[in-house]
Amino acid sequence: IDFEREVYFQYFNKNGTLEFEQNIGMRIHGGITRRNPQKSLKFYARDKYGEKEVKLPFLAEQAVNRFILESMQESGGGQALIEVIVAQEIVKKIGLEQQNFQAVIVFINGEYWGLHTIRDRVDENYLSYKFNLNKDSFDIIDGHSREGYPAIYGDNTDYLKILDFIKNNDINEQKNYNYINRKIDINNFIDYYTVEMFFANHDWPIHNIKMWKRKNNGKWRFILYDLDGGFTGNKRDHTLDMFERLSNEVDCGLCGNSPDATLLFRSLMVNEQFRKAFSSRYKEIIEKYMSPERTLTVVDSIVNIYQIKSKN
């Protein structure tokens with residue numbers, strides 16, 4: 001396997017007790033991280049290394065066969081990484097497929113290598129242990145519209161047919177909306193879009209969007225990940241009008257979301273039943289999860305974790 005190296009991995013808990021150790025495969029994770037001295041890494045348990053699973057109870061109740069070790073320089077710096085974790089913790093109880101985390105101090109060959117975060121890798125294996133099904137039970141696609149919604153695992157044909165249906169039918173007609181409702185988990189769609197919009201993720205949905213479904217008539221659901229385009233400055237902060245960005249119908253190159261990227265949201269918003277459902281749930285999520293009192297409590301708790309780790 002290209003660029004994968006066998007390493008010996010040990011994990012000690014906060015009390016300094018060794019919880020597990022084993023040989024495991026390691027690769028560099030991500031694109032931007034490759035430019036930095038402190039790189040993000042991903043690890044794979046395989047039979048050829050001795051064990052095909054790793055037990056990390058803070059990530060999942062069941063054993064996993066892969067996970068990510070994100071550096072504090074991931075996505076441009078430690079602040080961005082903490083922001084992503086804060087965002088995911090704020091909405092953790094909504095019911096989206098998302099990543100758990102554990103802050104850790106890393107040593108490589110006995111040398112201090114800084115503060116990192118262990119996280120789930122949301123893929124077919126994640127879905128397999130989350131829903132207790134064989135990984136071949138799922139289709140997962142990259143929602144990158146300019147790349148044609150490529151399949152990450154399984155098949156993308158069903159989703160492409162849905163988009164073709166939307167382009168050629170009026171979703172304001174109830175029968176057409178009902179068809180979309182049978183193919184896409186609308187409640188999940190609303191929750192997911194509400195979260196992304198609230199955090200003003202400017203690098204979405206043209207990028208950083210994945211969908212999955214169970215084969216054999218499952219509904220498409222959206223995976224929450226890579227929120228580092230939210231919470232940002234550089235004229236892309238909370239004042240960014242996400243409704244305007246998601247209403248874009250002009251192919252303006254690099255200026256923002258393409259018409260294909262906004263097609264699903266724009267098409268659903270013409271339907272009165274969907275608009276009412278979206279408005280009601282959006283308000284509910286903002287009031288229940290996004291109040292300043294609640295979000296600041298989450299922010300303080302996450303910052304405290306990383307401050308303590310940084311001092312140790």
Side-chain angles (χ1 to χ4, degrees), residues 9-20 29-30 32-33 36-43 54-61 64 67-108 111-122 126 191 194-196 198-201 203 208 224-234 236-238 285-312:
F9 189 98
Q10 295 177 308
Y11 174 77
F12 297 84
N13 64 25
K14 63 181 180 180
N15 298 318
T17 302
L18 179 63
E19 288 204 353
F20 84 84
H29 171 71
I32 293 178
T33 184
N36 302 321
Q38 188 194 55
K39 301 179 186 347
S40 293
L41 304 168
K42 50 190 173 186
F43 295 88
V54 176
K55 293 182 179 179
L56 297 171
F58 50 82
L59 289 187
E61 293 181 3
V64 301
F67 60 92
I68 298 169
L69 185 65
E70 286 189 344
S71 78
M72 295 301 288
Q73 293 179 320
E74 177 75 8
S75 304
Q79 179 179 340
L81 179 57
I82 291 176
E83 287 170 349
V84 172
I85 292 169
V86 165
Q88 296 228 6
E89 286 298 298
I90 288 172
V91 300
K92 193 171 184 178
K93 295 183 180 181
I94 288 180
L96 299 169
E97 282 72 66
Q98 61 185 93
Q99 296 164 293
N100 291 320
F101 83 99
Q102 175 69 44
V104 293
I105 296 170
V106 175
F107 291 82
I108 298 179
E111 182 180 355
Y112 177 71
W113 213 250
L115 184 59
H116 291 64
T117 302
I118 294 179
R119 308 193 74 187
D120 283 333
R121 184 182 181 195
V122 183
Y126 166 90
D191 288 354
T194 295
V195 169
E196 292 277 6
F198 177 83
F199 291 129
N201 189 353
D203 199 22
N208 300 324
L224 185 66
Y225 81 106
D226 209 341
L227 288 160
D228 51 41
F231 290 109
T232 60
N234 194 26
R236 287 176 170 175
D237 57 13
H238 64 282
I285 289 176
I286 299 305
E287 291 177 349
K288 186 174 182 179
Y289 296 96
M290 310 300 193
S291 69
E293 295 78 14
R294 184 177 184 279
T295 55
L296 287 174
T297 299
V298 175
V299 170
D300 289 343
S301 68
I302 300 300
V303 169
N304 185 54
I305 290 172
Y306 283 89
Q307 282 182 334
I308 293 174
K309 293 288 185 183
S310 297
K311 294 176 182 178
N312 288 344

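If you read the sequence from its start, that first residue is 1, and numbering goes on from there.
Considering CD1 of Ile94 and OG1 of Thr194, their distance stands at 8.0 Å, rounded to 0.5 Å. With rounding to the nearest 0.5 angstrom, the NE2 atom of His116 is 6.0 Å from the CG atom of Leu41. Atom OG of Ser40 is separated from atom NE2 of His29 by 6.0 Å, given to the nearest 0.5 angstrom. Here the CG atom belonging to Asp203 is positioned 4.5 Å from the CG atom belonging to Asn208, to the nearest 0.5 angstrom. A distance of 11.0 Å separates NZ of Lys92 from CD1 of Ile85, quoted to the nearest 0.5 Å. Between the CD atom in Gln99 and the OH atom in Tyr126 there is a gap of 8.5 Å [rounded to 0.5 Å].
Remark: the backbone N or O of Leu18 is not paired with any side-chain donor or acceptor of Gln10 at under 3.5 angstrom. When atom types are taken as modelled, the side chain of Thr295 and the backbone of Ser291 share a donor-acceptor pair closer than 3.5 angstrom. In terms of modelled atom types and a separation under 3.5 Å, the side chain of Arg121 and the main chain of Ile68 share no donor-acceptor contact. A side-chain donor-acceptor contact under 3.5 Å links Ser71 to the backbone of Gln38. Between the side chain of Thr297 and the backbone N or O of Glu293, at least one donor-acceptor pair lies under 3.5 Å. Proximity of a side-chain donor or acceptor of Glu19 to a complementary backbone N or O of Asn13 within less than 3.5 Å is not detected.
For the pair Gln88 and Arg119, the minimum side-chain heavy-atom distance is below 4.5 Å. Considering only heavy atoms from C-beta on, Gln98 stays 4.5 Å or farther from Leu227 through its side chain. No side-chain heavy atom of Phe12 sits under 4.5 Å from any side-chain heavy atom of Thr17. Contact check for Thr117 versus Val104: no side-chain heavy atoms found under the 4.5 Å cut-off. Counting heavy atoms from C-beta on, the side chains of Met290 and Val91 come closer than 4.5 Å. Between Leu69 and Lys42, every side-chain heavy-atom pair lies at or beyond the 4.5 Å cut-off. In this structure, the side chains of Ile90 and Arg294 come closer than 4.5 Å at one or more pairs of heavy atoms. The closest side-chain heavy-atom distance from Val106 to Ile108 is below 4.5 Å.
The number of heavy atoms from other shown groups lying within 6.0 Å of NZ (Lys55) does not exceed 12.
Within the 6.0 Å centre-distance limit, the rings of Phe67 and Phe9 are counted as a close aromatic pair.
Note on ring orientation: taking the six-membered ring where Trp is involved, the planes of Phe101 and Tyr306 are parallel (angle under 30°, cut-offs 30° and 60°). Ring-plane geometry between Tyr112 and Phe107 is classed as perpendicular, the angle between the planes exceeding 60 degrees on a 0 to 90 degree scale with a lower cut at 30.
Closest heavy-atom contact between Asp226 and Asn201: O-ND2, 3.5 Å. Between Asn100 and Asp120, the shortest heavy-atom distance links the atoms N-OD2, 3.4 Å. Heavy-atom minimum distance, Tyr11 versus Gln102: OH-CG, 3.9 Å.
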Can you list the steps and then say if Glu97 with Tyr225 is a side chain to side chain contact (heavy atoms under 4.5 Å, CB included)? CA-CA 9 Å; Glu97 282 72 66; Tyr225 81 106; over 6 Å; no
